[in-house]
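Computed from heavy atoms alone, side chains included, the values below leave out hydrogens, waters and symmetry copies. Just so it is clear, the model here is predicted, and its values are computed rather than measured.
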Amino acid sequence: LDTGLNVVDVDDVAAGHLAAADQGRPGRRYILGNRNMTLKEILAELAAITGRKPPSIRLPYLPVLGLAYLDAALASLLPGREPRIPPAGVRMARRKMFVDCARAVNELGLPQRPPREALARAVHWFRNHGYA
């Protein structure tokens with residue numbers, strides 16, 4: 001799908017929480033993030049990390065949403081089966097969820113590790129725990 005997310009290392013988020021508790025101004029809100037990336041960019045980074053090819057086909061929204069509802073209906077008929085394509089996730093993917101984290105970077109000194117490091121650590125974790 002043509003979507004996007006903000007990618008940030010979990011350790012940077014933890015550091016941001018500590019910094020907000022220590023240095024944050026009361027009533028002030030901080031978005032703890034790093035880099036806005038399209039799903040295509042994220043998948044390209046993951047492909048480079050894993051040595052696999054990234055997906056080459058972009059699926060249109062409406063057919064995917066239809067499949068998600070069909071999958072959810074089938075899952076509801078089978079005890080213990082969760083939908084593989086959650087409709088709420090597909091609906092959320094309709095928009096790029098990009099954010100501006102400049103306030104957290106400027107006021108809290110939020111660390112900004114390269115997203116590739118965060119993704120590589122995630123791949124390592126998933127492999128070590130048998131999920132990939």
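- Residue D11 holds its CG atom at 10.5 Å from CD of E117, rounded to the nearest 0.5 Å.
- Put simply, CD1 on I85 and CG on L74 are 10.5 Å apart, with the number rounded to the nearest 0.5 Å.
- The shortest side-chain heavy-atom distance between P115 and E45 does not fall under the 4.5 Å cut-off.
- K40 pairs by the salt bridge (charged side-chain N to carboxylate O under 4.0 Å, His left out) definition with nothing, not counting sequence neighbours.
- A donor-acceptor pair is defined here as one N or O able to donate and one able to accept, closer than 3.5 Å; no such pair exists between the side chain of Q23 and the backbone of G109.
- R116 has its side chain within reach of I49: a pair of non-hydrogen atoms, C-beta onward, lies under 4.5 Å apart.
- At least one donor-acceptor pair closer than 3.5 Å links the side chain of E41 to the backbone N or O of T38.
- Under a 3.5 Å cut-off, the side chain of H129 and the backbone N or O of W125 do form a donor-acceptor pair.
- For the atom pair CG of N34 and SG of C101, the computed distance is 6.0 Å after rounding to the nearest 0.5 Å.
- Shortest non-hydrogen contact noted between P79 and L77 is CD-O, 3.7 Å.
- With contacts defined as side-chain heavy-atom distances shorter than 4.5 Å, the pair L32/D12 does not qualify.
- Contact annotation: the side chain of K96 approaches that of D2 to within less than 4.5 Å [non-hydrogen atoms, C-beta and beyond].
- Here the CG-CZ distance, from D9 to R121, works out to 4.0 Å after rounding to the nearest 0.5 Å.
- Between Y30 and R25, some side-chain heavy-atom pair lies under the 4.5 Å cut-off.
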Item to check | Derivation and outcome, side-chain contact (heavy atoms from CB on, under 4.5 Å), residues R81 and S76 | outcome: CA-CA 7 Å; R81 184 182 177 280; S76 70; over 6 Å; no
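- Contact between P111 and A15 at its shortest, heavy atoms only, is CG-CB, 3.9 Å.
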Exercise for review: Applying salt bridge (charged side-chain N to carboxylate O under 4.0 Å, His left out), run through R84 and D71 and close with a yes or a no.
Suggested key: CA-CA 7 Å; R84 292 187 181 117; D71 182 47; 5.1 Å; no
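- L67 and L59 fall within a single hydrophobic cluster, where Ile, Leu, Val, Met, Phe, Trp and Tyr side chains are chained together by heavy-atom contacts under 4.5 Å.
- Closest approach of A75 and P83 over heavy atoms only: CB-N, 3.7 Å.
- Residues L108 and I31 do not share a hydrophobic cluster, defined by chaining ILVMFWY side chains whose heavy atoms lie under 4.5 Å apart.
- Using bins of under 30°, 30° to 60° and over 60° for the plane-to-plane angle, the ring pair Y131/F126 lands in the perpendicular bin.
- Taking the side chain as every heavy atom from C-beta outward, V105 and Q112 approach each other to under 4.5 Å.
- Listed by chain and residue number, nothing satisfies the side-chain hydrogen bond (donor to acceptor under 3.5 Å, both in side chains) test with R94 (two or more places apart in sequence, or in another chain).
- More than 12 heavy atoms of other residues, nucleotides or ligands shown are found within 6.0 angstrom of CE on M97.
- In this structure a side-chain-to-backbone donor-acceptor pair under 3.5 Å is missing from N36 to G4.
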Point to revise | Verdict with reasoning, L39 to L5, per side-chain contact (heavy atoms from CB on, under 4.5 Å) | key: CA-CA 7 Å; L39 182 57; L5 304 165; 5.7 Å; no
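- For the pair L46/V123, a side-chain contact is recorded, criterion being any heavy-atom separation below 4.5 Å from C-beta on.
- Among residues two or more places apart in sequence or in another chain, the side-chain hydrogen bond (donor to acceptor under 3.5 Å, both in side chains) test is passed with N106 by none.
- The two residues P55 and L43 make their nearest non-hydrogen contact at CG-CD1, 3.8 Å.
- Distance OH/Y61 to CZ/R95: 9.0 Å, rounded to 0.5 Å.
- At a threshold of 4.5 Å between side-chain heavy atoms, the hydrophobic network of Ile, Leu, Val, Met, Phe, Trp and Tyr places I57 and I42 in two separate groups.
- Scanning all heavy atoms of the two residues, the minimum distance from V64 to P60 falls at CG2-O, 3.3 Å.
- Rounding to the nearest 0.5 Å places CG of L110 at 13.5 Å from CZ of R103.
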